[in-house]
Amino acid sequence: MGSAGAKGWIVVAALSAATAIAVGAFAAHGLDLGTEAGRKARDWLQTGSQYEMIHALAILAVASLSAKLNGKLAITAQVLFLLGSILFPGALYSLAFNGPRWFGAVAPIGGLAFIAGWVCLALAALTKSGR
C-alpha cells in the first residue's frame with residue numbers, strides 16, 4: 001500500500017474514532033436515563049461506539065503495518081473493518097434514535113464483516129511474500 005493509500009486509511013480511521021467518541025459522549029451525557037427507553041438507547045450507543053472505536057484503531061494498525069502485510073488482503077481487511085463499522089454501529093445508532101426496528105437485522109452483517117476482516121488480517125500477515 002502506497003503512502004497515499006495509507007494516508008487515506010488514516011483519515012478514515014481518525015474520522016471513525018471521532019464519531020465513536022462523539023456518540024459515546026452523547027450516550028453518557030445526552031440521554032434521559034430515567035426511562036427504560038433512555039437506558040436501552042444508552043446501551044446501544046455505548047456498544048456501537050465501542051465496536052466502532054476498536055475497528056478505527058484496527059484500520060489505523062493495518063495502515064501502519066501495511067509494509068509487513070500482503071497488500072491485497074490488508075486492504076480487504078480494512079474495507080471489511082470499515083463496512084462493519086458502518087453496518088454494526090450504524091444499526092445500533094439507528095435503533096437508539098428510534099429508527100426502523102428492521103434495521104437491527106443489519107447489525108449481524110456488520111459483525112460478520114468484522115470477523116471476516118480479522119481473518120483477512122491474519123491471512124495478510126501469514127501470506128506476506130518476500131520475508
Side-chain angles (χ1 to χ4, degrees):
M1 180 183 323
S3 84
K7 186 178 190 179
W9 283 110
I10 292 168
V11 169
V12 167
L15 293 175
S16 184
T19 301
I21 294 294
V23 170
F26 181 77
H29 304 290
L31 296 171
D32 178 7
L33 299 179
T35 67
E36 178 63 29
R39 289 186 296 276
K40 187 177 276 195
R42 178 200 55 205
D43 292 346
W44 282 328
L45 292 174
Q46 287 178 332
T47 299
S49 67
Q50 178 183 12
Y51 277 80
E52 185 171 5
M53 178 58 77
I54 289 166
H55 290 88
L57 295 173
I59 290 169
L60 184 62
V62 174
S64 299
L65 297 170
S66 62
K68 299 178 188 288
L69 301 170
N70 175 310
K72 288 182 182 183
L73 286 169
I75 290 170
T76 301
Q78 288 173 306
V79 168
L80 288 165
F81 290 152
L82 178 58
L83 180 64
S85 291
I86 292 167
L87 297 178
F88 183 80
L92 297 180
Y93 299 163
S94 176
L95 291 172
F97 293 113
N98 297 314
R101 299 303 262 171
W102 64 263
F103 202 62
V106 172
I109 299 167
L112 289 173
F114 285 149
I115 294 165
W118 287 108
V119 171
C120 280
L121 180 55
L123 292 171
L126 292 171
T127 61
K128 169 67 176 173
S129 60
R131 288 188 206 204

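No experiment lies behind these values; they were computed from the predicted model shown.
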Practice task
Give a yes or no on whether F88 and L95 share a hydrophobic cluster (residues Ile, Leu, Val, Met, Phe, Trp, Tyr; joining criterion: side-chain heavy atoms under 4.5 Å apart).
Solution key: yes
Handout entry: Over all atoms of both residues, closest heavy-atom pair of G84 and P89
Key = O-CD, 3.2 Å
Practice task
Hey, could you give me the CD/NE2 distance between Q78 and H55, rounded to the nearest 0.5 Å?
Solution key: 12.5 Å
Problem - Contacts of L69 that satisfy side-chain contact (heavy atoms from CB on, under 4.5 Å) - sequence neighbours left out - result: V62, L65, A74, L121, A124, A125
Problem - Hphob cluster co-occupancy, I75 + L82, side-chain heavy atoms under 4.5 angstrom - result: yes
Show which side-chain atoms of residues 10-19 pair as donor or acceptor with protein atoms under 3.5 Å away, not counting sequence neighbours.
unit_1: S16; atom_1: OG; unit_2: E52; atom_2: OE2; d: 3.1
unit_1: T19; atom_1: OG1; unit_2: L15; atom_2: O; d: 2.9

Practice task
Could you tell me how the ring of F114 sits relative to the ring of Y51: parallel (under 30°), tilted (30 to 60°) or perpendicular (over 60°)?
Solution key: parallel
Completion exercise
The reported gap from NZ in K128 to CG in L123 (rounded to nearest 0.5 angstrom) is 15.0 Å
Completion exercise
Output for pair (R42 CZ, T47 OG1), nearest 0.5 Å, gives 10.0 Å
Handout entry: Within one Ile-Leu-Val-Met-Phe-Trp-Tyr cluster: L83 and I54, side-chain cutoff 4.5 Å
Key = no
Practice task
Find out whether W9 and V79 are in side-chain contact, i.e. whether some heavy atom of one side chain is under 4.5 Å from a heavy atom of the other.
Solution key: yes
Handout entry: S94 and W44, any side-chain heavy atoms less than 4.5 Å apart
Key = no
Practice task
Find out if a path of hydrophobic residues (ILVMFWY) with successive side-chain heavy-atom gaps under 4.5 Å connects L92 to W102.
Solution key: no
Practice task
First locate atom CD1 of I86, then atom OH of Y93, and finally report the distance between them rounded to the nearest 0.5 Å.
Solution key: 11.5 Å
Completion exercise
For A20 and S49, the nearest pair of non-hydrogen atoms, with its separation, is O-CB, 3.3 Å
Problem - Pairwise side-chain contact, L80 with W118, heavy-atom cut-off 4.5 Å (strictly under) - result: no
